[in-house]
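This report concerns only the one structure given below.
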Amino acid sequence: MNSAVIEILAPRYQIAWYPWAVQYFFMIALAYASLWLALPGLLGAARWKATARFAMLGAMTTAIVAPIALLADLHQPLRFWHFYAYFTPWSWMSIGSLMLPPFVFAIIALAWLVWREPMLAWRDRSDLFGMIARLVTLGSWQTPRFLVVTLALATAALSLGIAVYTGSEVAIVKGRPLWNTVWLLPFFATTGLIGAGGLVLLLSRIAGPRDPDTARNMLWVVSAAAVATAGVALMWVLEGLYVENSSVAAALRSVRHSAEWRTTSAWGLGVGTALTLGCLLLLWRKPQRGWSWIVGLVALHLAWMARWVVLMDVQTVQKQTAGYLEYTVGWGSSGWLGVVGTFGLWIALILVIDMLVPWRGALGGTAGDAPDTTPDYSAKGAASHG
């Protein structure tokens with residue numbers, strides 16, 4: 001009896017999404033999750049007003065930077081108009097191209113309404129800051145309360161659509177079992193809340209003024225979001241173990257022999273556990289302000305690395321589960337330079353807004369004075385110490 005040996009060749013596809021995609025998904029998650037954190041304060045909750053001031057700064061800046069990272073990830077950015085000229089309603093990317101601009105413009109408009117009130121105090125200045133205030137405020141009329149509430153609720157509705165679209169455009173890819181699961185949508189949302197809570201903690205430490213309610217609110221948010229993320233991960237694993245024909249089961253089979261993925265899972269569990277315990281410890285220990293910024297850094301790290309694992313590490317697993325693709329992050333614009341550049345642009349935008357906008361005075365806060373650009377010629381010669 002003759003026997004034949006059939007050799008199956010599996011092509012080794014290169015990755016399609018580069019670190020620009022991680023930056024986009026990270027920034028857009030911070031944008032919609034920060035908006036969620038700002039919502040109670042915008043709607044009038046007194047203990048959340050200070051939180052809302054920091055959250056609006058985070059939401060507005062990340063909402064501007066996120067589309068820039070997305071355009072860079074298109075590889076041919078100037079062809080973005082194809083999304084609108086050739087709309088495909090069955091594509092989540094195409095749907096997202098219609099949802100993203102209204103969301104970004106709505107957050108910018110909401111920030112303008114919230115920050116416009118403290119800027120009115122600068123209109124009478126005769127320097128650069130007064131000129132900017134007169135241009136930006138568009139008159140001395142008082143901002144209607146109902147307009148802020150209405151726009152906040154409308155922007156929140158748009159943010160839910162962004163959360164669904166960003167999760168769905170990845171989860172819809174059936175060729176990769178590690179992506180093709182409904183658990184990816186809540187995973188992106190909960191880790192986005194972890195990152196947004198961490199961002200507010202960090203901003204409250206760096207930008208000030210420090211507020212005990214903000215620290216307490218965000219420690220509860222980060223710990224609750226971390227527990228929710230653990231619950232999502234547990235349900236994901238249980239589906240893979242007990243539903244044999246599911247995409248999750250195929251995903252687990254594709255990485256069960258990988259030491260790297262076991263290390264990654266241990267890392268995620270360890271960092272998430274440490275983050276939760278750290279939040280609870282600080283909530284028990286008062287005051288929380290002294291160390292809460294470290295929790296903020298860890299929370300941002302966890303949110304960013306979660307997207308790196310999902311978007312980058314998954315692409316190294318061959319679609320036919322026939323081994324793994326060797327991928328090394330380059331130093332060019334499609335690698336670490338793009339990552340650092342995106343964060344640099346974000347920090348620069350925060351600094352510009354901090355200099356030109358009295359955002360600390362929004363929602364009943366203390367605006368303070370604009371920076372004094374008038375040179376002081378009163379002191380002549382050496383400084384006096386006596």
Side-chain angles (χ1 to χ4, degrees), residues 16-17 21-37 39 59 62-63 66-67 69-70 73 88-100 102-104 107 155-198 221-222 224-243 246-252 254-255 264-265 268 272 299 302-315 317:
W17 287 355
V22 179
Q23 297 301 91
Y24 168 66
F25 279 88
F26 176 67
M27 292 291 178
I28 201 65
L30 289 184
Y32 65 68
S34 295
L35 176 67
W36 296 346
L37 297 180
L39 200 58
T62 52
L70 177 61
D73 190 59
T88 52
W90 56 86
S91 167
W92 276 105
M93 285 189 179
S94 191
I95 294 172
S97 68
L98 297 181
M99 300 174 65
L100 186 59
F103 171 70
V104 173
I107 281 193
T155 310
L158 289 172
S159 71
L160 293 176
I162 295 295
V164 171
Y165 129 70
T166 50
S168 298
E169 73 170 329
V170 181
I172 200 66
V173 182
K174 295 182 179 180
R176 292 194 178 276
L178 284 160
W179 285 347
N180 188 219
T181 172
V182 296
W183 297 112
L184 202 59
L185 279 75
F187 178 79
F188 275 166
T190 55
T191 54
L193 271 173
I194 291 174
V221 166
V222 171
V227 171
T229 301
V232 171
L234 177 62
M235 295 302 294
W236 190 89
V237 172
L238 290 177
E239 180 182 340
L241 294 176
Y242 294 103
V243 184
S246 66
S247 62
V248 179
L252 292 181
S254 69
V255 297
T264 298
S265 300
L302 183 62
W304 187 83
M305 284 301 298
R307 280 153 182 78
W308 182 276
V309 171
V310 170
L311 296 169
M312 302 302 298
D313 289 354
V314 168
Q315 292 187 88
V317 180

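Nearest heavy atoms, Ala66 versus Ile28: CB-N, 3.8 Å. Residue Leu185 comes nearest to Ala171 through the heavy atom pair CD1-CB, 4.0 Å, listed as atom of the first residue, atom of the second, then distance. Of all heavy-atom pairs between Ala228 and Thr190, the closest is CB-CG2, 3.8 Å. Contact record, Met312 with Val22: CG-CG2, 3.5 Å, taken as the closest heavy-atom pair. Here the closest non-hydrogen pair linking Pro67 and Val104 is CG-CG2, 3.9 Å. Considering all non-hydrogen atoms of both residues, Leu302 and Gly272 come closest at CD2-CA, 4.3 Å.
If you take CD1 on Ile107 and OG1 on Thr62, they are separated by 6.5 Å, rounding to the nearest 0.5 Å. Separation of atoms CG (Leu178) and CH2 (Trp236) is listed at 5.5 Å; rounding is to 0.5 Å.
Using a 4.5 Å cut-off on side-chain heavy atoms (C-beta onward), Val164 and Trp92 make contact. Under the 4.5 Å side-chain criterion, counting only non-hydrogen atoms from C-beta, Phe25 is in contact with Val170. Under the 4.5 Å side-chain criterion, counting only non-hydrogen atoms from C-beta, Trp36 is in contact with Leu160.
The backbone N or O of Leu311 lies less than 3.5 Å from no partner atom in the side chain of Trp179, so there is not a single donor-acceptor pair. With hydrogens and angles disregarded, no donor-acceptor distance shorter than 3.5 Å links the side chain of Ser34 to the backbone of Ala31. Under the 3.5 Å distance criterion, the side-chain polar atoms of Ser168 are left unmatched by any main-chain donor or acceptor of Tyr165.
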### Working for side-chain contact (heavy atoms from CB on, under 4.5 Å), residues Tyr24 and Leu100
CA-CA 12 Å; Tyr24 168 66; Leu100 186 59; 3.9 Å; yes

### side-chain contact (heavy atoms from CB on, under 4.5 Å) evaluation trace for Leu193 with Leu37
CA-CA 8 Å; Leu193 271 173; Leu37 297 180; 4.0 Å; yes

